[in-house]
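A quick write-up on the structure given underneath.
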Amino acid sequence: MIRTRFAPSPTGFLHIGGARTALFSWAYARRHAGRFLLRIEDTDLVRSTPEAVQAILGGMQWLGLEHDEGPFYQTQRMDRYRAVIEQMLAAGSAYHCYMTPEELDHLREEQRAAGAKPRYDGRWRPEPGKTLPPPPAGRAPVVRFRNPTAGVVAWDDLVKGRIEIANAELDDLVIARADGAPTYNFCVVVDDWDMGITHVIRGDDHVNNTPRQINILQALGAEVPLYAHLSMILGDDGQKLSKRHGAVSVMQYDEQGYLPEAVLNYLARLGWSHGDDEIFSLQQFCEWFDLDHITASAAQFNTDKLNWLNAHYLKRAGTARLAELVRPRLQARGVNVGTIPSLTAIVDLYKERAGNLNELADMAEVFYIDLHPKAELLAKHLTAEALPVLGEFIDRLPEVAWEAAAIGGLIKDCVTRHGLKMPRLAMPLRVLLTGLEQTPSVDAVVALLPRATVLRRLAAGRDAALSAAGTS
RNA sequence: GUCCCCAUCGUCUAGAGGCCCAGGACACUACCCUUUCACGGUAGGUACCGGGGUUCGAAUCCCCGUGGGGACGCCA
């Protein structure tokens with residue numbers, strides 16, 4: 001049974017790179033009818049916060065990436081880590097080191113100055129025939145893992161292929177701090193082992209940790225899982241993702257009006273491919289997903305493409321669902337969402353034209369507020385030529401059947417009788433009724449509003465234009 | 001500095017020795033559609049980092065170089 005996990009540390013929100021890692025891990029488990037676990041790596045008490053835990057959980061939920069087991073918290077497994085450390089100490093695969101952080105800094109500086117890789121020199125590492133100095137009184141030791149000195153650690157990375165690291169490159173890493181708290185690389189090993197993780201799918205930045213973790217796993221006699229290291233996601237500008245790059249948290253995509261299925265589809269396609277397929281459902285993704293088609297190189301985020309996908313999914317989304325997603329956005333703006341026209345009717349007419357939910361809200365808003373079209377738009381469209389035909393349209397409006405086809409017929413008839421082209425009347429109507437020059441078919445927009453509102457907005461606009469003409 | 005990873009259109013990618021004088025998508029340009037703007041449709045331009053090998057044949061395999069990234073914590 002395949003078991004994968006997503007193991008974020010709760011020091012911030014769920015960012016887009018983490019979301020992709022989670023997605024791939026989740027999909028791999030789904031694809032193989034396995035289990036997907038969520039583990040919160042909160043051993044850094046200083047930087048971990050409950051808010052961050054909530055943010056991560058919230059992000060996962062928004063994306064719909066449900067875990068089968070967990071969330072497990074490392075802070076709740078301390079007893080287990082301590083027991084394993086004791087066991088390793090007893091077995092000789094770990095030892096106490098009394099070197100102070102200051103001494104360590106000195107050593108590293110010297111090594112760096114000499115052009116060498118900074119690393120622990122093994123001075124407290126027990127060796128046959130080696131006499132260790134007596135432990136300094138009153139100094140609490142850290143526990144270090146006794147890393148093998150010879151040979152290589154190698155694994156066949158499911159994304160990058162075979163990777164080999166000489167043990168000579170590795171030093172004896174600290175697995176427990178002076179205060180007894182276990183460190184990251186150690187907790188990961190114990191957790192992956194205890195939780196029966198078969199496939200570790202994680203970010204590229206962990207490649208360097210892998211040989212160390214494999215060595216610990218082997219010292220413990222644990223089975224080594226398979227590893228798949230995903231390359232990182234770069235910002236739109238090709239730079240490393242950071243707070244400066246706008247939307248970094250997945251929840252910011254929600255705020256910006258993206259649909260989760262669009263973000264998911266985009267992320268799925270970023271660094272993974274299935275031939276020429278671009279648009280596919282989550283379910284389809286789960287059926288197709290495999291590690292063989294993951295790109296080994298870093299991928300640059302492309303907002304244009306995400307926007308395209310979002311617009312696509314907006315067109316496909318159910319009207320009722322979209323209306324309920326738009327409603328809170330309108331309410332947040334203080335717009336009193338009325339019942340005529342209904343939000344669903346507006347969304348149904350407009351969803352094909354919106355790039356995101358906020359744009360949809362922009363379009364819907366004009367139907368519920370006290371509208372004041374911009375003066376320059378009025379001046380541009382309520383021309384001397386347009387006013388008479390507008391007048392006739394207003395006069396005949398009370399008689400027309402209140403549905404788009406009949407209204408469209410009336411518009412055409414008015415325009416024809418005045419020897420004008422369609423836009424001459426359509427544009428003033430758009431501007432007067434919505435304050436915008438771009439709308440769907442104008443007869444449909446007219447039909448959406450109550451007859452009284454249309455009459456009021458048109459008459460007010462016409463009268464204002466007439467008096468402006470009169471005074472000038 | 002040392003170690004590790006990566007390298008096809010502007011971007012995401014297809015490609016696992018001949019199907020590729022390199023395909024798709026986003027973006028871009030033009031045209032069509034049109035009641036405005038989108039949508040949609042059609043067409044177009046743009047790429048195998050460089051150099052050596054291996055081979056009858058290389059975008060695909062090997063080596064070197066160059067460029068980019070990551071790691072070197074009592075952070076995760």
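Values below: every heavy atom of this structure, side chains too, minus hydrogens, waters and symmetry copies. Chain naming here is simple, since letters A, B, ... match the order of the sequence lines and numbering starts at 1 in each. Keep in mind that what you see is a predicted model, and the values were worked out from it rather than measured.
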Polar atom pairs (N or O), protein with nucleotides 39-47 of chain B, under 3.5 Å:
residue	atom	partner	partner atom	Å
C39(B)	O3'	Lys315(A)	NZ	3.3

Distance-only donor-acceptor hits, side chain of residues 425-434 of chain A, under 3.5 Å, sequence neighbours excluded:
residue	atom	partner	partner atom	Å
Arg430(A)	NE	Thr439(A)	OG1	2.7
Thr434(A)	OG1	Arg430(A)	O	2.7
Thr434(A)	OG1	Leu436(A)	N	3.1
Thr434(A)	OG1	Leu436(A)	O	3.4

For [X], all residues meeting ring-ring contact (aromatic ring centres under 6.0 Å, His included), sequence neighbours excluded:
X: His96(A); value: none
X: Phe72(A); value: none
X: Phe145(A); value: none
X: Phe6(A); value: none

Listed by chain and number, what are the side-chain contact (heavy atoms from CB on, under 4.5 Å) partners of [X], not counting sequence neighbours?
X: Ala354(A); value: Leu314(A), Glu359(A), Leu360(A), Met363(A)
X: Ala401(A); value: Glu403(A), Ala406(A)
X: Ala361(A); value: Val326(A), Arg329(A), Leu330(A), Arg333(A)

Separation of the C1' atoms in C9(B) and C28(B), to the nearest angstrom: 12 Å

Spacing of Gln300(A) atom CD relative to U8(B) atom P, expressed in whole Å: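 For the pair Gln300(A) CD and U8(B) P, the rounded distance is 12 Å.
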
Asp204(A) CG to A71(B) P, straight-line distance once rounded to whole Å: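 Those two atoms, CG and P, are 9 Å apart.
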
Output field: ring centroids His274(A)/Phe280(A) closer than 6.0 Å: no

Ring-ring centroid check Trp272(A) His293(A), cutoff 6.0 Å: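 No, they do not, as the ring centres are separated by 6.0 Å or more.
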
Cation-pi, Tyr120(A) ring and Arg144(A) (6.0 angstrom, 45 degrees):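 Relative to the ring axis of Tyr120(A), which defines the angle, Arg144(A) lies inside both limits.
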
Residues in contact with RNA chain B, drawn from residues 105-113 of chain A - heavy-atom cutoff 4.0 Å: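 Contacting residues: Arg108(A).
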
Nucleic acid contacts of residues 356-363 of chain A, taken as heavy-atom distances under 4.0 Å to RNA chain B: none

N/O to N/O distances under 3.5 Å, protein versus nucleotides 14-17 of chain B:
residue	atom	partner	partner atom	Å
A14(B)	OP1	Ser273(A)	OG	2.8

